[in-house]
There are 2 protein chains.
Amino acid sequence: MTMVRKRGSPLAEQLLETLEDRGYRDTLPRRAVVQAIAERERHFTAEELHEQLPSVGRATIFRSLKLLVESGMLCRVLLEDGNLHYQLSHRGHHHHLLCVQCGNSEDLVGCDIEDQLRQVAAARRFQVSGHWLEVYGRCQSCQALQQPA
Amino acid sequence: MTMVRKRGSPLAEQLLETLEDRGYRDTLPRRAVVQAIAERERHFTAEELHEQLPSVGRATIFRSLKLLVESGMLCRVLLEDGNLHYQLSHRGHHHHLLCVQCGNSEDLVGCDIEDQLRQVAAARRFQVSGHWLEVYGRCQSCQALQQPA
DNA sequence: TTACTGATTGATATCAGGTATCATTGAATG
DNA sequence: CATTCAATGATACCTGATATCAATCAGTAA
Ligand SMILES: [Mn+2]
Ligand SMILES: [Mn+2]
Ligand SMILES: [Zn+2]
Ligand SMILES: [Zn+2]
C-alpha cells in the first residue's frame with residue numbers, strides 16, 4: 001500500500017523545485033496537484049481540479065493554489081461573469097485577453113499600461129502600487145469563425 | 001401598521017426615478033435600500049447594507065444591488081484583497097484609484113486606457129469589447145500623513 | 001537506519017457572498 | 001375599487017474558500 005513517488009513532467013518538476021526553494025515540502029498530494037495543473041492548457045477552477053483529483057482533500061487543493069499564486073507560478077483570472085479561475089503563469093506581471101466566446105485567454109505582456117497608469121495617477125498625487133486588469137473581447141479565431149458574411 | 005412612504009433625499013429620489021423609467025416599481029424596501037446607498041460616501045458590502053436595513057430581506061438587498069449595477073447607478077469595486085464592494089456611480093464608465101491604506105476610492109475618468117487597450121489588442125487581432133481595471137496605491141492624504149520624515 | 005519533529009494533510013465544520021423557489025403581498029393601471 | 005403581475009422575504013441551497021484539529025509524513029539529525 002506504499003504509494004510510489006513518481007517523476008512528473010519537466011514543467012511539474014520545475015514548479016515543485018520552486019516550491020522547495022521556498023521551503024515547502026515535496027509531498028504526494030502536492031505533486032498530484034502540481035502535475036494536474038502543469039497538464040492544463042486553459043484556465044480552470046479549484047472545483048475542476050478537485051474533481052480531477054478526488055483523492056486529494058479539498059482544503060489541500062485550495063492550499064496548493066494559494067501557494068502557487070503567492071509564488072507567482074499561478075495567476076488568477078477574473079472572468080467577465082465574475083468567476084475566478086486559475087491559470088499557469090509563465091512570466092512575471094502580465095494581463096489577459098479573455099475571449100468571451102471560446103473562453104481562451106492570451107497573455108498580454110510588455111504593454112505600457114503600467115506607465116500610463118502611473119502617469120495619470122501621479123497627476124492626481126496618487127501613488128500607484130499595483131493594479132488589476134482583465135481585457136474581454138473576441139479572439140482572432142472566433143472572429144474568423146463568424147465574420148465571413 | 002401601514003408604513004408611510006416618506007420622501008427621500010434628492011439623490012435617492014433621482015435614483016428611484018431612473019429605476020421607474022426603466023419600468024421598475026417604487027416599493028418600500030427599494031426606497032429603503034436606495035436611500036441607504038445614497039447616504040453612503042464610501043464603498044460598502046451587501047452585508048453592511050443588510051445590517052443597516054434588517055427589515056429588508058437579504059434577497060431583496062442583492063436584487064436591488066444587481067438592479068442598480070445593471071442600470072449603471074452603482075459600480076462594483078474589486079478590493080486588493082479580493083473582496084467585492086459596491087459604490088455609487090455618478091458618471092459613465094470609469095475606474096478607481098483605491099487607497100490600500102485608508103480604503104478610500106477616487107474615480108478615474110477620462111483616461112485613455114481604453115484606446116491604449118484597443119490599440120495593443122488590435123495588433124494581436126483581438127477585438128476588445130470590455131475590460132475591468134482597478135488601481136491600487138496610496139492617496140494624497142495618506143502619503144502626507146506618513147511621508148514627513 | 002532509525003528517531004524525531006514540525007509541516008502537511010484531510011475530515012469536518014463553518015463562513016461569505018449570492019441565487020433558486022415559491023407562497024404572499026402590494027404597486028400600478030384602468 | 002378590482003385586477004394583475006412585479007416584487008418581496010423566508011427558506012433552502014450553492015460556490016468558493018477558510019478554521020480546526022487529530023493523524024500522518026517529509027526532511028533532518030543521530
Ligand atoms: Mn496570466
Ligand atoms: Mn466607480
Ligand atoms: Zn475565442
Ligand atoms: Zn488613503
Side-chain angles (χ1 to χ4, degrees), chain A residues 1-8 13 16-17 19-34 36 43-71 74 76-87, chain B residues 1-8 13 15-17 19-34 36 43-71 74 76-79 81-87:
Chain A
M1 196 49 196
T2 45
M3 269 259 168
V4 184
R5 191 165 308 268
K6 283 185 296 188
R7 181 156 202 82
E13 292 298 329
L16 280 165
E17 271 175 40
L19 284 183
E20 284 189 76
D21 291 346
R22 292 189 138 232
Y24 297 110
R25 295 186 175 174
D26 180 356
T27 72
L28 235 42
R30 219 111 91 173
R31 291 192 82 84
V33 170
V34 167
H43 47 81
F44 54 88
T45 63
E47 294 312 318
E48 287 167 1
L49 210 55
H50 189 216
E51 284 168 25
Q52 187 185 342
L53 304 169
S55 68
V56 177
R58 229 171 72 92
T60 298
I61 297 277
F62 280 105
R63 282 189 283 240
S64 302
L65 289 176
K66 181 183 272 187
L67 233 56
L68 290 165
V69 168
E70 286 167 358
S71 308
L74 204 61
R76 300 191 298 170
V77 183
L78 185 64
L79 270 55
E80 201 171 29
D81 63 10
N83 281 106
L84 194 61
H85 282 219
Y86 296 87
Q87 183 172 43
Chain B
M1 196 51 196
T2 45
M3 267 259 167
V4 184
R5 190 166 307 272
K6 282 186 294 186
R7 180 154 202 85
E13 291 298 327
L15 295 173
L16 280 166
E17 271 175 42
L19 284 183
E20 284 189 78
D21 291 346
R22 292 188 138 231
Y24 297 111
R25 295 187 175 172
D26 179 357
T27 71
L28 233 42
R30 218 110 92 175
R31 291 192 81 86
V33 170
V34 167
H43 47 81
F44 54 88
T45 65
E47 294 312 320
E48 286 168 2
L49 211 55
H50 189 215
E51 284 168 25
Q52 186 185 343
L53 303 169
S55 67
V56 177
R58 228 172 69 96
T60 298
I61 297 278
F62 281 104
R63 282 190 282 241
S64 301
L65 289 176
K66 182 184 273 188
L67 233 58
L68 289 166
V69 168
E70 286 168 357
S71 310
L74 203 62
R76 299 192 297 170
V77 183
L78 184 66
L79 269 55
D81 63 11
N83 280 106
L84 192 62
H85 282 218
Y86 296 88
Q87 183 172 45

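Atom set for the values below is all heavy atoms of this structure, side chains included, hydrogens, waters and symmetry mates excluded.
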Pick base, sugar-phosphate or nothing for A:S55, based on heavy-atom distances below 4.0 Å to the nucleic acid.
sugar-phosphate
Rounded to whole angstroms, how far apart are CG on A:L68 and P on C:dT8?
13 Å
When you measure from the side-chain N and O atoms of A:N83 to the phosphate of D:dG16, is any distance below 4.0 Å, counting only OP1 and OP2?
yes
A:A59 side-chain proximity, nearest of D:dA6, C:dA7, C:dG10
C:dG10
Nearest of C:dT9, C:dT21, D:dT18 to any side-chain atom of A:R58?
D:dT18
Comparing nearest nucleotides in DNA chain D, the 5'-proximal residue of the pair A:E47, B:V56 is B:V56
Please state how far atom CG in B:L67 lies from atom P in D:dA7, giving the value in whole angstrom units.
7 Å
Is there a donor on the side chain of B:R63 or the base of C:dG18 sitting less than 3.5 Å from an acceptor on the other?
no
Measuring from the side chain of B:K66 (C-beta onward, heavy atoms only), which nucleotide among C:dT19, C:dT8, D:dA7 has the closest atom?
C:dT19
Would you indicate which nucleotide in C:dA28, D:dG27, D:dG9 comes nearest to any side-chain atom of B:D26?
C:dA28
Which heavy atom of A:T45 sits nearest to which heavy atom of A:L84, and what is that distance?
CG2-O, 4.3 Å
Output for pair (A:R22 CZ, A:E17 CD), nearest 0.5 Å, gives 14.5 Å
Whole-Å distance between D:dT8 C1' and B:H50 NE2?
12 Å
When rounded to whole Å, the CZ to P distance for the pair A:F62 and D:dT20 reads 18 Å
Rounded to whole Å, CG of A:L74 lies from P of D:dA17 at a distance of 11 Å
Which nucleotide in the list C:dG17, D:dA17, D:dA10 gets nearest to the side chain of A:L84?
D:dA17
Among D:dA10, C:dA28, C:dT8, which nucleotide sits nearest the side chain of A:T27?
C:dT8
A:Y24 side chain N/O closer than 4.0 Å to the phosphate oxygens (OP1, OP2) of C:dG6?
no
Residue whose closest nucleotide on DNA chain C lies nearer the 5' end, B:Y86 versus B:P29
B:Y86
Give, for atom OG1 of B:T60 and atom CG of B:L28, the distance between the pair rounded to the nearest 0.5 Å.
11.5 Å
Spacing of A:R31 atom CZ relative to C:dT8 atom P, expressed in whole Å:
15 Å
Would you mind classifying the nucleic acid contact of B:R30 as base, sugar-phosphate or nothing, using non-hydrogen atoms under 4.0 angstrom?
sugar-phosphate
If I compare all heavy atoms of B:R31 with all of B:R7, which pair ends up nearest, and what's the gap?
NH2-CA, 4.1 Å
Result block: side-chain N/O donor-acceptor pairs under 3.5 angstrom for residues 51-59 of chain B, not counting sequence neighbours:
unit_1, atom_1, unit_2, atom_2, d
B:Q52, OE1, B:R40, NE, 3.4
B:Q52, OE1, B:R40, NH2, 2.7
B:R58, NH1, B:E47, OE2, 2.9

Scanning both residues in full, the closest heavy-atom pair of B:A46 with B:I61 reads O-CG2, 3.8 Å
I need the CG-C1' distance between A:L28 and C:dA7, as an integer number of Å.
15 Å
Spacing of A:L16 atom CG relative to D:dG27 atom C1', expressed in whole Å:
15 Å
D:dA17, C:dG17, C:dT9: which one has an atom nearest the side-chain heavy atoms of A:T60?
C:dT9
